[in-house]
Amino acid sequence: MPTPLRAPRPGTSVTHAEVLVVGAGNAGTSLAAKLLRDGAPDVAIIEPSPVHRYRPLLNYVGAGRATPAEVERPTSSVIPAGCRWVQDAVESVDAEARTVRTRRGASIGYTTLVLCPGMREDWAATPGLQDAYSAGWAGSTYVPGSAPLVWPALKGVREGSVVFTVPPEPAPCGPTALKPALMACDHWRRSGVLSDLDVTVVLPEAQPLGVAGADEHLEAVFASYGVTVVRESRLGSVDPVLRSVDIATPTGTRRLDQVAYAHAVPHYRAPEWITRSGLGGAPPAGLVDIDPATLRSRRHDDVWAIGDAAAIATRSSGGALRKQVEVLAHNIAAASSGRRMRSYDGYTVMPVTTSRNQLMLVQADRNGPRPLPLLDPFAPRRSTWWFDRHVLPRIYFRRLLRGKV
């Protein structure tokens with residue numbers, strides 16, 4: 001099949017697609033490109049945003065190690081050649097009628113539907129947090145509009161209390177919330193002010209990653225910076241005026257007053273239209289209810305999902321999508337031809353910087369750790385930091401988004 005020289009402009013009229021993909025983030029774009037490379041004759045993407053972001057770099061923006069310009073590309077530049085782009089947002093899905101209704105009132109039919117819409121901030125889950133963002137003493141690298149403001153705020157803190165939260169699951173690669181925390185601690189130590197700061201890290205579980213071998217390294221890093229770790233806890237509420245943070249712990253509420261800065265990551269949930277359309281699982285997250293092995297909907301054979309909004313029974317991450325795209329592209333073709341499907345084993349990646357120029361690379365699947373074949377595989381290294389910071393963004397834009405997985 002000949003490949004068109006360029007992707008169509010947004011706004012192309014689409015009334016039906018053989019494969020309709022919702023979302024043009026890492027998951028949707030990579031999958032669409034892979035399907036087209038494999039010979040799919042008709043793929044369309046619904047995506048409202050004109051901007052595509054390589055989100056892992058936002059953590060480096062929040063530590064002064066990358067610029068916002070490195071994160072973003074026009075969506076039109078990453079939509080695969082041969083893929084039709086509907087620049088609109090989904091309002092609902094009628095899975096029985098095999099149609100998607102958009103906010104602009106369009107009705108688009110499909111033969112196969114793939115949901116990759118990502119998750120949304122659940123601001124209502126943490127009263128006061130959004131107002132604290134607006135007040136400027138709270139923010140996070142997880143919220144694109146906030147990320148460029150994080151480093152100027154952290155760099156300016158010289159004394160007092162600072163809080164970093166790791167979001168509870170489900171979240172977009174939750175453990176990487178430790179990246180800005182530990183890079184900031186390294187900066188403060190180099191600047192000679194770390195001893196004047198009371199740094200608190202809030203973990204949703206007892207261990208930072210839940211991966212034997214890797215957790216021991218992180219615990220040593222926490223200790224080296226003098227960080228107070230609050231475990232099995234989550235952000236409960238925030239008083240944006242008094243600059244106080246309430247942390248819900250197993251033994252009750254712990255309040256931190258007069259917080260100089262809070263890198264407070266919101267809780268997350270799937271877009272509400274997924275639940276309204278009868279495609280979601282248990283509340284409050286409402287992730288797309290799929291078989292985590294085949295990535296196929298448990299209720300509708302022609303609906304599939306990958307990425308943050310899919311109930312994949314493992315921690316979501318950008319690194320996991322490479323495996324998910326490979327499995328799903330095969331399974332969509334297999335389902336139409338009666339061939340045997342493949343199984344996604346839950347592979348995921350958790351890259352955590354431990355300083356401004358070292359990173360530990362943690363890989364795991366549903367059976368446990370998948371360490372690199374190295375002596376002390378989870379040890380922080382400059383080489384893995386360089387790969388994560390400088391090499392992966394190039395691979396992402398030049399290969400992954402082009403379906404070369």
Side-chain angles (χ1 to χ4, degrees), residues 1-53 72-120 270-280 288 296-297 300-310 321 325 328-329 332-333 335-336 397 400-403:
M1 166 183 167
T3 301
L5 295 177
R6 56 187 177 136
R9 294 179 179 180
T12 301
S13 177
V14 177
T15 58
H16 185 275
E18 287 298 312
V19 181
L20 183 61
V21 179
V22 177
N26 183 347
T29 303
S30 300
L31 177 68
K34 173 66 172 170
L35 291 172
L36 288 164
R37 281 186 169 273
D38 289 350
D42 179 27
V43 180
I45 288 180
I46 301 177
E47 170 58 54
S49 177
V51 177
H52 178 97
R53 295 181 178 91
E72 298 181 350
R73 299 282 191 281
T75 299
S76 59
S77 71
V78 302
I79 295 291
C83 180
R84 294 180 289 164
W85 175 22
V86 181
Q87 192 173 5
D88 202 343
V90 171
E91 179 64 27
S92 63
V93 175
D94 185 336
E96 298 297 331
R98 294 185 178 181
T99 58
V100 172
R101 174 72 62 177
T102 73
R103 289 187 190 173
R104 291 196 174 111
S107 179
I108 305 174
Y110 62 82
T111 302
T112 297
L113 178 67
V114 184
L115 303 179
C116 318
M119 285 188 278
R120 304 292 182 265
E272 293 184 358
W273 58 261
I274 290 176
T275 299
R276 290 200 308 267
S277 302
L279 300 172
V288 183
R296 193 179 205 175
S297 169
H300 304 280
D301 285 348
D302 46 12
V303 177
W304 312 73
I306 56 174
D308 294 340
L321 287 173
V325 165
L328 182 53
I332 289 174
S336 63
F397 284 112
L400 294 180
L401 290 188
R402 298 178 182 181

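Only heavy atoms go into these numbers, but all of them, side chains included; no hydrogens, no water, no symmetry mates.
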Can you tell me how far CD1 of Ile332 sits from OG1 of Thr111, rounded to the nearest 0.5 angstrom? 11.5 Å
Looking only at non-hydrogen atoms, find the nearest pair between Pro271 and Gly118 and report the distance. CD-O, 3.2 Å
Measure from the side-chain N and O atoms of Ser277 to the backbone N and O of Ser92, and report whether any donor-acceptor pair falls under 3.5 Å. no
Check: Ser30 side chain, Ala27 main-chain N or O, donor-acceptor pair, under 3.5 Å: no
Heavy-atom pair with the smallest gap, counting every atom of Tyr110 and Thr99: CE2-N, 3.4 Å
Checking side chain to side chain contact (heavy atoms under 4.5 Å, CB included) between Val100 and each of Asp94, Asp88, Leu20, which is the one that passes? Leu20
Locate the shortest heavy-atom distance separating Ala309 from Ile274; write the atom from each residue and the value. CB-CD1, 4.4 Å
Between atom OG of Ser77 and atom NE2 of His52, what is the distance when rounded to the nearest 0.5 Å? 8.5 Å
Taking atom CD1 of Ile306 and atom CG of Leu115, what is their separation to the nearest 0.5 Å? 10.5 Å
How long is the gap from CD on Glu47 to OG on Ser76, to the nearest 0.5 Å? 12.0 Å
Closest non-hydrogen atoms of Ile45 and Ala32, given as atom of the first, atom of the second and distance, are CD1-CB, 3.7 Å
For Ser297 and Val303, indicate whether the former's side chain and the latter's backbone hold a donor-acceptor pair under 3.5 Å. no
Hey, does the side chain of Thr15 reach the backbone of Ile108 with a donor-acceptor pair shorter than 3.5 angstrom? no
For the side chain of Arg276 and the backbone of Glu91, is there at least one donor-acceptor N/O pair under 3.5 Å apart? yes
Backbone N or O of Ala106 within a donor-acceptor pair of the Thr102 side chain at under 3.5 Å? yes
With a cut-off of 6.0 Å (strictly less than), are more than 12 heavy atoms of other residues, nucleotides or ligands near CD of Glu272? no
Which heavy atom of Arg296 sits nearest a heavy atom of Ala335, and at what distance? NH2-CB, 3.8 Å
Does the side chain to side chain contact (heavy atoms under 4.5 Å, CB included) test come out yes or no for His300 and Leu279, once each step is laid out? CA-CA 9 Å; His300 304 280; Leu279 300 172; 3.6 Å; yes
Gap separating the CG atom of Leu36 from the CZ atom of Arg402, nearest 0.5 angstrom: 14.0 Å
In Å, rounded to the nearest 0.5 Å, how long is the span from CG of Leu321 to CG of Leu328? 10.5 Å
Counting only heavy atoms from other residues, nucleotides and ligands, does the tally under 6.0 Å from CZ of Arg103 exceed 12? no
Are any non-hydrogen side-chain atoms of Val93 and Trp273 less than 4.5 angstrom apart? yes
Okay, side chain of Thr75, backbone of Ser49: is any donor-acceptor separation there less than 3.5 Å? yes
Looking only at heavy atoms, the pair that brings Val21 and Gly28 closest together is CG1-CA, 3.7 Å
Donor-acceptor contact present, side-chain Asp42 to main-chain Glu18, <3.5 Å: yes
